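So the structure is just underneath, and the comments pick up after that.
Numbers for residues simply follow the sequence, beginning at 1. These numbers were taken from a predicted model, which means no experiment stands behind them. Just follow the structure's listing: the first ligand is 1, and inside any ligand the first atom is 1.
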Amino acid sequence: MFGLIGHLTSLEHAQSVAKELGYPEYADQGLEFWCMAPPQIVDTITVTSLTGQIIQGKYVESCFLPEMLASHRFKAATRKIINAMTHAQKHGINITALGGFSSIIFEKFNLQQIKQIRNVTLELKRFTTGNTHTAYIICRQVEQASQQMGIDLSQATVAICGATGDIGSAVCRWLDARTDVAELLLVARDQERLQDLQTDLGRGKILSLDQALPLADIVVWVASMPKGVEIDSTTLKHPCLMIDGGYPKNLATQIQHPGVSVLNGGIVEHSLDIDWRIMHIVNMNIPSRQLFACFAESMLLEFEQWYTNFSWGRNQITLENMDKIGQVSVKHGFQPLLL
Ligand code: NDP
């Protein structure tokens with residue numbers, strides 16, 4: 001059995017989804033209520049692989065909302081993640097993906113120190129961030145969507161916003177080692193970590209977002225932002241490929257310019273319909289087949305019975321593990337979402 005720990009993108013989103021999923025008592029409640037709400041299993045899932053293998057899973061709604069971070073309710077935020085993990089383990093789930101902000105909160109607040117929750121000893125082997133598969137899928141999206149747009153990587157400048165993050169650093173390493181990309185622009189706030197990354201890669205220009213955007217043929221957005229940023233599309237190159245891998249989205253604006261193509265980053269499409277309800281609530285275009293790559297990672301680990309925290313910690317994703325998860329992703333019928 002696999003598990004997915006997820007959360008919604010805002011209080012407004014949570015209220016509308018609560019109504020839709022049949023939890024009217026949650027629908028009119030404010031942030032304080034969501035801070036108190038316990039985790040819930042709100043969906044059971046059946047996935048069939050291209051190989052014919054069938055697996056079962058459960059979706060655990062953590063009731064975390066990004067507003068909890070924005071309003072400094074850090075205790076509530078960390079409690080949401082730990083309680084959701086405990087809930088998953090208590091329900092006998094072998095391998096659970098920590099979706100969206102769950103793994104970011106786990107790392108940022110050092111939650112590995114908390115091992116005992118009431119009568120449950122958390123077994124971290126049962127959890128994965130899903131970031132190896134997400135990074136792999138984003139790299140495939142860079143390679144394939146650039147081709148769709150006629151952008152030649154060997155001539156292209158790629159800006160990675162969130163370059164020093166877990167996913168961003170893996171994307172940088174892959175693009176450096178596995179492609180002939182002409183230039184990498186490294187964007188984040190902490191200058192020391194940017195310099196360390198630049199030293200590790202032996203290349204890349206450190207720039208601010210405002211400096212990087214007008215120079216980039218491709219922008220990969222993998223910054224952990226509770227709210228998206230506004231982008232003026234006239235300042236971008238045309239053509240420009242924007243791959244938004246953030247959850248919530250890093251781009252606040254719907255960019256409508258004929259020269260700019262925006263692709264949902266870190267999203268896979270399965271070759272067969274998945275029996276579930278949850279992808280309707282996060283507005284996937286084809287909810288029965290499209291999903292976050294991190295969720296797909298826990299499905300892949302269940303298919304292969306690799307009951308281990310395949311993706312864990314920060315900035316430890318290797319190219320070998322990206323290859324390994326990429327191979328089973330193809331084998332079981334997942335493809336990167338393209339334009
Ligand atoms: P990390 O916390 O490891 O990294 C975040 C990166 O963003 C860091 O480089 C950080 O550097 C940078 N950053 C944060 N805020 C800003 C800002 N305001 N401006 C510029 N850079 C910023 O996160 P992950 O790599 O784990 O996740 C990245 C994103 O991907 C998140 O939005 C997450 O929800 C999403 N995600 C999507 C998945 C999918 O399946 N599609 C799966 C997992 C995650 P600094 O702090 O120095 O600025």
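- When only modelled atom types and interatomic distance are considered, Asp152 and Ser154 share a side-chain donor-acceptor pair under 3.5 Å.
- A donor atom on one side chain and an acceptor atom on the other are found under 3.5 Å apart for Gln40 and Tyr26.
- An N or O contact shorter than 3.5 Å links Ala293 to ligand 1 by distance.
- Of all the heavy atoms of Arg193, the ones lying under 4.0 Å from any atom of ligand 1 belong exclusively to the side chain.
- Under a 4.0 Å criterion applied to the non-hydrogen atoms of Gly245, ligand 1 contributes the atoms 30 (O), 35 (C), 36 (N), 37 (C).
- The closest donor-acceptor contact from the side chain of His238 to the backbone of Val260 lies at 3.5 Å or more, if one exists at all.
- Scanning the protein heavy atoms around atom 43 (C) of ligand 1, the nearest turns out to be Asn131 OD1, 3.3 Å.
- The aromatic rings of Trp306 and Phe310 lie parallel to each other, with less than 30° between the two planes, well short of the 60° mark.
- When hydrogens are left out, the protein atom nearest atom 26 (O) of ligand 1 is Arg314 NH2, 3.0 Å; that is the closest non-hydrogen contact.
- With Ile267 as the partner, the side chain to side chain contact (heavy atoms under 4.5 Å, CB included) test is satisfied by one option alone out of Thr134, Ile138, Leu337: Leu337.
- Annotation: Ala223 places an N or O atom under 3.5 Å from an N or O atom of ligand 1; distance criterion only.
- Side chain of Asn250 to main chain of Ala223: a donor-acceptor pair is present (N/O by atom type, distance under 3.5 Å, no hydrogens or angles).
- At a heavy-atom cutoff of 4.0 Å, ligand 1 is contacted by no atom of Val187, backbone or side chain.
- Shortest contact from atom 21 (N) of ligand 1 to any protein heavy atom: Ala188 CA, 3.6 Å.
- Annotation: Asp190 places an N or O atom under 3.5 Å from an N or O atom of ligand 1; distance criterion only.
- From the protein, the heavy atom lying nearest to atom 40 (O) of ligand 1 is Cys294 N, 3.1 Å.
- Between Leu241 and the choices Val142, Ile218, Val158, the side chain to side chain contact (heavy atoms under 4.5 Å, CB included) rule is met once, by Ile218.
- Among protein heavy atoms, atom 44 (C) of ligand 1 sits closest to Ile167 CD1, 3.5 Å.
- In summary, the atoms of ligand 1 found under 4.0 Å from a heavy atom of Gly246, numbered by their order in the structure, are 32 (O).
- When Val229, Leu209, Asp244 are each tested for a side chain to side chain contact (heavy atoms under 4.5 Å, CB included) with Cys161, only one passes: Leu209.
- Only the side chain of Ile104 comes within 4.0 Å of ligand 1, judged by heavy-atom distances.
- The heavy atom nearest to atom 41 (N) of ligand 1, out of those in Gly228, Gly266, Ser311, is found in Gly266.
- Checked by atom type and distance alone, the side chain of His91 pairs as donor or acceptor with a backbone atom of His87 at under 3.5 Å.
- Residue Arg189 holds the heavy atom nearest to atom 15 (N) of ligand 1 of all those in Glu107, Arg189, Glu297.
- Looking from atom 32 (O) of ligand 1 to the surrounding protein, the closest heavy atom is Tyr247 N, 3.1 Å.
- Close approach of ligand 1 to Thr164 (heavy-atom distance below 4.0 Å) involves ligand atoms 8 (C), 9 (O), 11 (O).
- The only member of Gln335, Gln290, Arg289 that meets side-chain hydrogen bond (donor to acceptor under 3.5 Å, both in side chains) when paired with Glu269 is Gln290.
- Summary of contacts: the protein heavy atom closest to atom 4 (O) of ligand 1 is Gly165 CA, 3.1 Å.
- Proximity of Trp312 to Lys125: side-chain heavy atoms (C-beta onward) are nowhere separated by under 4.5 Å.
- Below 30°, between 30° and 60°, or above 60°: for Phe109 and Phe74 the angle between ring planes is between 30° and 60°, a tilted geometry.
- A side-chain N or O of Asn110 and one of Gln112 form a donor-acceptor pair less than 3.5 Å apart.
- Protein heavy atom nearest atom 38 (C) of ligand 1, with residue, atom name and distance: Thr134 CG2, 3.7 Å.
- Distances below 4.0 Å separate heavy atoms of Met225 from the following atoms of ligand 1: 17 (C), 18 (N), 19 (N).
- For ligand 1, the atoms lying closer than 4.0 Å to a non-hydrogen atom of Gly100 are 34 (O).
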